[in-house]
Amino acid sequence: MPRHVCIIMDGNGRWAEQRGKLRVSGHRAGVETVRAIVQACAENKIEVLTLFAFSSENWRRPAQEVGLLMELFITALSHEVKKLHANNVRMRIVGDVSGFEPKLQQSIRDAEALTRANTGLTLVIAANYGGRWDITQAARSLARDVAAGTLAPEAVDETALQARLSLHDLPEPDLFIRTGGEQRISNFLLWQLSYTELYFTDVLWPDFDKQQFALALASFAQRQRRFGRTGKQVEQLIRA
Ligand code: IPE
Ligand code: IPE
Ligand code: MG
């Protein structure tokens with residue numbers, strides 16, 4: 001079982017278009033899928049679920065779609081948070097939150113504060129997130145400390161940079177899932193995906209369900225994660 005699953009929830013727009021509906025109805029249907037997959041993660045005792053909800057490039061979409069996505073985000077947060085809290089889910093939003101309107105920023109802070117002490121599934125929502133942004137803000141934070149004289153340039157290593165990334169205190173993603181048929185990362189977690197197992201499916205996000213999720217978990221269970229070692233070494237490590 002993976003400890004940390006991260007998902008690019010793609011295909012909402014095409015799902016709606018195939019039904020002759022507006023793209024936003026696909027995003028609405030996608031919220032239902034989020035509910036089901038959060039539940040599936042809790043049932044499988046997965047520790048962390050990270051969902052890509054809005055990329056730093058999604059601002060390029062038509063203003064109307066962006067506006068509707070923001071509205072949906074606000075309503076979903078206010079409607080779901082109590083239930084998530086009751087289910088012991090800890091919520092965290094990662095990304096450049098300062099890009100959102102004040103009302104949404106407040107909902108985000110409230111949701112995080114309410115669920116902070118929960119000990120069940122950690123649900124991370126990546127919103128206005130970009131992998132390059134994440135690495136850049138970490139580098140900027142290191143540069144500040146070096147300039148202030150509190151960090152030696154020689155102390156800037158992988159561990160120091162990693163410690164300033166958005167997900168620094170969580171296990172690295174074990175399994176990455178992208179729905180909707182595209183086989184790319186689209187500026188999602190870049191640093192963190194170094195050794196993550198990748199799983200792509202043509203199923204559109206609103207059609208993704210617990211059975212589809214089980215298929216992804218089954219695929220993950222078949223993989224041999226070698227982290228640079230040989231297959232034989234890994235077998236020996238498992239037996240030891
Ligand atoms: C993913 O679905 C949701 C967001 C990016 C917010 P899309 O809206 O990208 O759906 P497609 O790829 O156009 O079908
Ligand atoms: C990635 O999907 C972002 C989210 C799911 C939030 P996109 O639909 O924006 O990705 P591209 O543009 O097809 O690469
Ligand atoms: Mg898409």
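Any value given below was found using the heavy atoms of this structure, including those in side chains, with hydrogens, waters and symmetry copies removed. In this chain, residues are counted from 1 in sequence order. All figures in this text were calculated on a predicted structure; none of them were measured in a lab. Numbering of ligands and ligand atoms starts at 1, following listing order.
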Show me the short polar-atom pairs for ligand 2: any N or O of it lying under 3.5 Å from a protein N or O, with distances only.
unit_1	atom_1	unit_2	atom_2	d
ligand 2	8 (O)	Asp10	OD1	3.2
ligand 2	8 (O)	Arg61	NH2	3.2
ligand 2	9 (O)	Asn58	ND2	2.9
ligand 2	9 (O)	Arg61	NH2	3.4
ligand 2	10 (O)	Arg178	NH2	3.3
ligand 2	10 (O)	Ser186	OG	3.4
ligand 2	13 (O)	Arg184	NH2	2.8
ligand 2	14 (O)	Arg184	NE	2.8
ligand 2	14 (O)	Ser186	OG	2.6

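- No hydrogens or angles considered: nothing links the side chains of Arg140 and Thr136 as a donor-acceptor pair under 3.5 Å.
- When only modelled atom types and interatomic distance are considered, Ser25 and Arg19 share no side-chain donor-acceptor pair under 3.5 Å.
- With salt bridges taken as basic N to acidic carboxylate O contacts below 4.0 Å, one links Glu182 and Arg184.
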### Step-by-step side-chain hydrogen bond (donor to acceptor under 3.5 Å, both in side chains) determination, Ser55 to Asn58
CA-CA 5 Å; Ser55 77; Asn58 285 145; 3.2 Å; yes
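- Salt-bridge annotation for Lys83 and Glu80: present, with a side-chain N of the basic residue lying under 4.0 Å from a carboxylate O of the acidic one.
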Please report, to 0.1 Å, the donor-acceptor pairs under 3.5 Å made by any side chain of residues 152-160, with sequence neighbours excluded.
unit_1	atom_1	unit_2	atom_2	d
Asp157	OD1	Thr159	N	3.3
Asp157	OD1	Ala160	N	2.8

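- Using cut-offs of 30° and 60° for the angle between ring planes, the Phe100 and Trp59 rings count as tilted.
- The closest approach between any non-hydrogen atom of Glu17 and ligand 1 is not below 4.0 Å.
- A salt bridge links Glu17 with Arg23: at least one charged nitrogen is closer than 4.0 Å to a carboxylate oxygen.
- Using cut-offs of 30° and 60° on the angle between ring planes, the pair Phe213 and Phe208 is perpendicular.
- Remark: Thr179 engages no residue in a side chain to side chain donor-acceptor pair (under 3.5 Å) (not counting sequence neighbours).
- Under 2.8 Å from the Mg ion (ligand 3), one finds the following protein N/O/S atoms: Asp10 OD1.
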